[in-house]
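Both ligands and their constituent atoms are indexed starting at 1 by order of listing. Treat the numbers as computed from the prediction; the structure is a model and nothing was measured.
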Amino acid sequence: MFNKEYEAMPENKMKELQLERLKWSIRHAYENNRFYKETYDKAGFHPDQFKTLDDMKRVPFLTKEQMRSQYPYGLFAVPLEKIVRIHSSSGTTGNATVVGYTKNDIEVFSEVIARCLASYGATEKDIIQVAYGYGLFTGGLGLHYGSEKLGALTIPIGGGNTERQLMLIKDLGTTIITTTPSYALNIADFIEKKMPHYDIKSTNLRMAILGAEPWTANMRNEIESRLGIEAYDLYGLSEVIGPGVSCECSSKSGLHVFEDHFYVEIINPKTGEILPEGEKGEIVYTSLTKEGFPNIRYRSKDITRLYHDGCKCGRTLVKMEKVTGRSDDMLIIRGVNVFPSQIEAVLLEIDGLEPHYQVIVDRVEAMDKIEVKVEVNEKIHSAGKEALDKLTGTVVHKLKSALGITVKITLVEPMGIARSEGKAVRVIDKRKLA
Ligand code: DLL
C-alpha cells in the first residue's frame, strides 16, 4: 500500500476523520465562494448546522448544470493567484467545466494516483507509458505526476500514434501502459492488421491501466488475452479531481474509493433520497481536502453501488462497483431503459463479432428506433451472405432477450467503425439533435 495509514484505516476512525474534514470543507466552500454562500443562504442551510454525518442530507446538492453556469472560475474558493493549474472536462454536452488546483490539490492528485498504481502492483521499478491525452484532459498529467510520485520511470507519450506507441514499448522496455479501454483494443487491432510480425507478448509489457469510459468484464478478457497482460480499472472525473477517485486492487472486484479525500453517497437519482449501502443509484461526491475547487454534494450522474467486503488486499476503504453507465447515458427506447454497456456485454459474447460498435437512436414518426452497427471479423466477412444473415439473426435474438426490445443490426466490415484515440463515441442519439 502506498499510504497504509489511510488505506487501511479502521472504518470508525475513517468516519471520524471524514466528519472533521466535512465540517472544514463545507465551511470553506461557504465562506470563500459566493455561489455556495448564495445557494445555501437561499436554501436556509448554514455550515453551523452540520454536526454529524447524518446532517449530510440537509446540505444542498450541486448539479452539473449549476457547475456549468459558473463557467469559468465561479466555483473557485481561493484567489486565482493560489491556483497553479487548471483542467477542463470535455464538455461534450454543453459548456465545459474549468477546474482549478492549488499546490496542495496537485499534491493530493498525485498521491491518489500513486496509491492506485501501487494498488495494481506497480513499483518504482516499472516503466510507465502514459498514453492518455495530455493537456486540458486530466488523464495525461494526472497519471504523469502520480507515476513520478511513485518513483516509476514515466514516458509522457500522450494519446494516439499507435505505431510509435508500439515502438516505444519495445525500445524503452515499457512494463505498464495507461490509456482508455477502447484505445487498448485499437492497439490490439493495429498489431493484428498492420504489424502482424510485432509480438506484443514477447515485450516487457505486463499491465494496462484503463479508465475514463465504461468497459465491461468481457472487454477486460478480450484486452487481457489479446495483449497478454493484466488490465485494471481506474476511475475518476475532472470535477472531483481527475483519475484517482477510486481504483481496483489485485482482487479486481470493485474499486476502492479514497474516502479520506472524497466522501461518497448513493442517492436515488429521481428523488435525491440517500440509499443504504449496497443499493444502486447515482454517486454523489463531497471533497474533503480540496482547496481550489471544492465539491459539496456534487451529483455525478454516474450509476454504481457502494459496499464493504473485507477485501483480501487489506484496504478497509469502501468499494464502488465498476461504473457501467451514467444516468444521462441511459437511453429510453419506447419506454425501456437501455444502457450501452448492456449492449456491449451481449455483443462481446457472440463469436464472429469484433468489440467495435456504435448505437444509433432516432425517432421516426414518433417512434423510437434503435440500430446497432457492429464490426464482424475477417472470417465471417469473407464467409458470404448466408453466414452474415445467420449472424444478424443471432444478434437480434440475443439483444431482444437481454433488453426486451427489437434492435436493428447492421454488420459492418472489419475496421468499418471509426476508431478514437481517447474516449470512444458509442452512442449517437439523433433525438437529442432534433
Ligand atoms: O475521464 C478522468 C479519468 C482519466 C479517469 C483517466 C480515468 C482515467 P472526465 O473526462 O471528467 O474525467 O470524465 C469523467 O468518465 O463521470 C464517468 O462517467 C466516466 N469514467 C471515468 N472513468 C471511468 C471508468 C476522466 N473507469 C466521466 N469506468 C465519469 C466507467 C468512467 N466510467
Has ligand 1 got any nitrogen or oxygen that is less than 3.5 angstrom from a nitrogen or oxygen of [X]?
{"X": "Gly211", "value": "no"}
{"X": "Ser89", "value": "no"}
{"X": "Ala212", "value": "yes"}

Interfacing atoms of ligand 1 (cut-off 4.0 Å, heavy-atom, [X]):
{"X": "Gly236", "answer": "2 (C), 5 (C), 12 (O), 14 (C), 21 (C), 22 (N), 25 (C), 29 (C)"}
{"X": "Asp233", "answer": "24 (C), 26 (N)"}
{"X": "Ser238", "answer": "9 (P), 10 (O), 11 (O), 12 (O)"}

Quiz item: For Glu230, which of Arg206, Arg220, Lys252 qualifies under salt bridge (Lys or Arg N to Asp or Glu O under 4.0 Å)?
Solution: Lys252
Quiz item: Does Arg305 count as lying over the ring of Tyr307, i.e. NZ or CZ under 6.0 Å from the six-ring centre, within 45 degrees of the axis?
Solution: yes
Self-check item: Arg85 to Tyr145, cation-pi by 6.0 Å centre distance and 45° axis angle
Solution: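 That pair qualifies as a cation-pi contact.
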Exercise. Check if Lys423 has a non-hydrogen atom at a distance under 4.0 Å from any atom of ligand 1.
Key: yes
Self-check item: Thr138 and ligand 1 - part of the residue with a heavy-atom distance under 4.0 Å
Solution: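 Only the side chain of Thr138 comes within reach of ligand 1.
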Quiz item: With a 4.0 Å heavy-atom cut-off (strictly under), which part of Leu237 contacts ligand 1: side chain, backbone, both or neither?
Solution: both
Quiz item: Just wondering, more than 12 heavy atoms not from Asp351 lying within 6.0 Å of its CG?
Solution: no
Quiz item: Can you find a heavy atom in the side chain of Ile417 that is under 4.5 Å from one in the side chain of Tyr357?
Solution: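 In short, these two side chains do not touch, never coming nearer than 4.5 Å.
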Practice problem: Could you check whether the rings of Trp24 and His28 sit parallel, tilted or perpendicular, using 30° and 60° as the cut-offs? | Solution: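 Geometry flag for His28 against Trp24: parallel rings.
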Practice problem: Check whether the ring centres of Tyr285 and Phe262 lie less than 6.0 Å apart, and answer yes or no. | Solution: no
